[in-house]
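Here is the structure we will look at.
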Amino acid sequence: MTRDEMDRRAALKAFVGLGLASGLADCTSAPEPGGAPAPTEQPPAADTTPPEEHEHPADGDVLVFAFGDKEGQVIAPSDVPLGGPQIFAYPADAGGGHVASDSRLDQVILVRMDPSSLTEETTARAVDGIVAYSAVCTHEGCDVSDWNEDGLRLVCPCHDSEFDPSDNGQATEGPATRRLAALPLKIVDGRMMAGGGFQGRIGFRRR
Amino acid sequence: MKLDRCCRTTIVMIAAGLFLPGDAKARQAAEPYRPVTDERLENPEPENWLFYRGTYDGWGYSPLDQIDADNVADLVPVWSFSTGVNSGHEAPAIVNDGVMFVTTPGNQVIAIDARTGDLIWLYEHEMPEDVIGFHYTNRGVALFGDKVFMATLDARIVALDAATGEVVWSESVADNSSGYYMTLAPLTARGKVMVGVSGGELGIRGFVVALDTETGEEVWRTHTVPSPGEPGSESWQGDAWQTGGAAVWLTGHYDPELGLTYWGTGNPGPWMGDVRPGDNLYSNSVVALNVDTGELVGHHQYHWNGSWDWDEVSTPLLIDVERDGRTFPALVHPGRNGYLWLLERSADAISFVDAWPYVRQDVFINIDPKTGRPTYDPLKKPSTGTQADFCPSLWGGKDWPPAAYNPGTGLLYIPANDNLCGTIEGQEVVYRPGRSFVGARTGLNVWPGADHIGELQAWNMNTGEKVWTREFDSPNWGPVMTTAGNLVFMGGTSDRYFRAFDARTGDQLWQQRTNSGVIGVPSSYMVDGVQYIAVQSGFGVDAASMRRRVDSDRGTETYVPQGGVIWVFALGG
């Protein structure tokens, strides 16, 4: 459960329990972190999107190509080129049935980096140097679809925010100040899978 | 969403008078709402600010003169109101007989007693969680009859009861999942509410659509990119028109005598012109649309086969200009392409008169004196696989913040950015619905040795002379308002100030530091004999993006706090 979601539930409880006055106060002041530069505080590890709103990605999901010649096919580690660019993916049931392609918020980007370049925290989520993040920019919510091949950064084309895939998806350039939500990966029987849900808040703002 | 349900309930309770804070002033605002008619919109009372730029001709001018150049130093805040959201707060406070309507990012509409700051009602749009919208902002409501209209990020028009905030109707005008979204304030006239669409970076095909204000039924829809066989289609090849862009994301202006609405259009998509050969009409143009039928009766394209992201969406101001002893109805447009355009409007055409640069511009070699068509320096035009450097930057000499015109001084006031140049390198791009369709890598750099970026320029359009300029170290994203009190109001700089200048000389007469950067459209109104100035402070969207890039180029770091607040000022003492 995100802090946001906890606030929302708290707001709802207050609304029910205390009546309209508290409901109004909670509604008109959205819990939103300020645009502080270079945040250093990391969200807690349990900071994942609530399952009732987004069932995917989840532990054990495979990842499939979101578009292109191989759309819908399961992505193998060998499909992810070293040094980028990123691949767009949707999570899917390991059985190969349901692909969670309804919501942009479920989109994943995969990029393979030199394993020695990854920070410790990022290494813990990676497999063979492959790291995965939410595809939704934390500035205005666009797809993070460009790649800076010189700086090895994930780039949002809308307002040129850049994110470091080797360092937890931290925002390094541009107007975004919050890191990308990260997705832990694992390998089971030679198949690459999500090792859990997104860690961190997806996208830019939710009221 | 749960929050919405809770807020809607709150709205209704307030409107029903069950949750008033026991304040008679709050109830006062619930008096019968005065309907907005064509007559009122064509001749707004001086005390009201009935739509985006105050008048149909788009002047951003208030005839109120209680606050003037002599006493503006005594201007003080009288109330403020926190919007509860971040990102770019760009909407003006729109005021009808003491009732103020303000929109915020996330498509809230806040109705407030304009004198006291008491909340009357608050509407929060139920936004899809996965909405596609590259610019999280909104530029205000439009009024007609007893309703308030807002265009939403998920491409709907919502009609609210002005007295209660309850939804009367809500209509989708385009498919958001294909990249259509809306940020502009609607234009209302003759029983129609008119909007254009954003999404020029997402492979949309632009249009302006008019809905019936009473029913929400579509009356007409005119695309800004013609389909094969239509006039202008010869300026496109193959299927490029289907994803041709030419978005319309700022409010149109209206000439009631001609029955014509005027709209500015954005750049064609994707960004690189070599992948869509031709002039690409009606991108980067002003188009004249018949208010009743939507028929496109005239256009002028500022620059053809656009490749610089210079959206020409700002609508020209409707001004009478005198040239060579002849006075004519003009369209005046400080272009994002860095040229100041003087056009003539008539019942069946838009004609070129003159154009000249108002900021550093190195792309146009010359302008055809008859047609206004620019000739480009080929080295300054980026294309797929080739990088070009050029001035002004992709944000242009002036982005969306509107210019203003004061009939008393006869001057046009332009919020400009000079000394900014940029690079674009074209990249191959594949169209996929709802995904970025840009195909470019961009850069920004400050002109070496430049001592400032932001400017406020005052021009005499009769003589073509620049009368005065104010310079700011910071980039300027400040919409401009001018008043009969010989004042020009503008924020726009990163230092959070909102300022008043002498409209005749440019001298700074007053300033107030606010919570955030002021990129809201200022407005002015009067209640019970007191003149007020209103503006939203809340930095974000492209202003924040440019700020970061200028810092990156200069090696500086500038912190502009976010969070929106409505500020209202009046004379103290």
Side-chain angles (χ1 to χ4, degrees), chain A residues 8-9 11-12 14-16 19-38 53-54 66-68 88 102-107 135-137 139-148 155-161 173-177 202-207, chain B residues 1-7 9-10 13-14 18-19 82-87 105-106 108 110 119 122 124 127-136 177 201-202 427 430 432 434-436 438-444 516 539-542 544-549 552 557 559-563:
Chain A
R8 206 195 302 189
R9 292 186 173 187
L12 209 67
F15 176 68
V16 172
L20 285 167
S22 59
L24 176 65
D26 285 320
C27 287
T28 51
S29 59
E32 190 64 42
E53 292 197 4
H54 286 278
F67 49 73
F88 272 71
D102 288 343
S103 172
R104 296 178 57 239
L105 303 186
D106 295 341
Q107 281 189 105
V136 184
C137 182
H139 177 226
E140 298 283 340
C142 304
D143 289 350
V144 181
S145 56
D146 283 358
W147 176 247
N148 175 348
V155 181
C156 176
C158 287
H159 304 99
D160 298 287
S161 292
E173 280 292 329
T177 56
I202 299 164
F204 62 130
R205 53 181 64 75
R206 300 164 62 205
R207 291 175 50 83
Chain B
M1 281 167 68
K2 296 156 194 163
L3 266 175
D4 282 308
R5 279 184 55 202
C6 112
C7 284
T9 310
T10 310
M13 299 312 276
I14 292 172
L18 299 176
F19 180 56
S82 183
T83 69
V85 291
N86 283 350
S87 196
Q108 294 182 111
I110 311 172
L119 177 70
L122 186 153
E124 187 180 30
M127 194 74 77
E129 196 179 32
D130 58 351
V131 65
I132 297 174
F134 281 13
H135 301 86
Y136 195 70
S177 69
E201 278 72 52
L202 288 151
Q427 298 177 318
V430 177
R432 297 185 180 95
R435 293 184 187 275
S436 173
V438 172
R441 285 283 291 154
T442 65
L444 181 83
S516 182
F539 204 64
V541 203
D542 284 49
S545 192
M546 181 192 278
R547 177 69 264 177
R548 285 293 294 253
R549 283 198 169 192
S552 183
E557 198 158 325
Y559 179 58
V560 186
Q562 290 209 10

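What you see is a predicted model, and the numbers here were worked out from it, not measured in a lab. Naming convention: chains lettered A, B, ... in sequence-line order (proteins, then strands); numbering from 1 in each chain.
- Of all heavy-atom pairs between B:S545 and A:H159, the closest is OG-O, 3.2 Å.
- When each of A:C156, A:C158, A:S145 is tested with B:S436 by the rule side chain to side chain contact (heavy atoms under 4.5 Å, CB included), just one qualifies, namely A:S145.
- Between B:R435 and A:A66, the shortest heavy-atom distance links the atoms NH2-CB, 4.2 Å.
- Comparing B:V541, B:V438, B:T442 by heavy-atom pairs within less than 4.5 Å of chain A, the highest count is held by B:V541.
- Formation of a donor-acceptor pair under 3.5 Å by the A:R104 side chain with backbone atoms of B:V131 is found in this model.
- Put simply, CG on A:D143 and CZ on B:R432 are 10.5 Å apart, with the number rounded to the nearest 0.5 Å.
- Here the CG-CD distance, from A:L105 to B:E129, works out to 5.0 Å after rounding to the nearest 0.5 Å.
- Of the possible polar contacts, none joining the A:S103 side chain to the B:D130 backbone as a donor-acceptor pair under 3.5 Å is found.
- A:P157 is not listed as a side-chain neighbour of B:E201, based on a closest heavy-atom distance of 4.5 Å or more.
- Proximity to chain A is absent for every atom of B:V430, based on heavy atoms less than 4.5 angstrom apart.
- A pairwise comparison of heavy atoms in B:S87 and A:E140 identifies OG-OE2, 3.3 Å as the closest pair.
- Residue contact with chain A, scored on non-hydrogen atoms closer than 4.5 Å, involves the side chain of B:R441 exclusively.
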